[in-house]
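The structure presented is a predicted model; accordingly, all values stated were derived computationally and were not measured. By convention here, the first residue in the shown sequence is residue 1.
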Amino acid sequence: MAPPPLALVLYGDPEHRYAPVGDFFYSAEAKELVSRALGASSAEVDSLYCPRALEPVAQSDADAAFGRSDACADCPRCGTTLRAVRDGTCHYACASC
């Protein structure tokens with residue numbers, strides 16, 4: 001006598017993607033099952049980067065410098081970001097002025 005066939009149970013997410021329960025994860029933010037399918041969810045990385053210098057910034061430094069790094073400086077004349085120049089000495093130079 002042959003064994004009975006196994007039943008396959010598919011679960012659906014709010015976007016009507018159906019898959020076995022192993023292909024879902026529980027989203028605490030959405031409070032529902034979310035499919036691991038591409039486009040069903042997105043990964044977010046929490047980190048602080050200076051938008052001008054494009055370098056990582058510690059939380060305490062970002063709070064003190066309004067979200068920018070210590071190495072980030074503005075031109076006092078035109079307000080653009082200054083870049084560091086090393087030609088014997090180290091100083092800031094403005095590309096606009």
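Separating the OH atom in Tyr92 from the CG atom in Asp74 is a distance of 10.5 Å, to the nearest 0.5 Å. Here OH of Tyr26 is found 8.5 Å from CD of Glu32. Values are rounded to the nearest 0.5 Å. With rounding to the nearest 0.5 angstrom, the OH atom of Tyr11 is 10.0 Å from the CZ atom of Phe24.
Partners of His91 according to the side-chain contact (heavy atoms from CB on, under 4.5 Å) rule, which considers only residues two or more places apart in sequence or in another chain, are Val85, Asp87, Thr89. For Pro20, the side-chain contact (heavy atoms from CB on, under 4.5 Å) partners are Leu10, Asp23, not counting sequence neighbours. Every side-chain contact (heavy atoms from CB on, under 4.5 Å) that Cys78 has, sequence neighbours left out, goes to Cys75, Thr80, Cys94, Ser96, Cys97.
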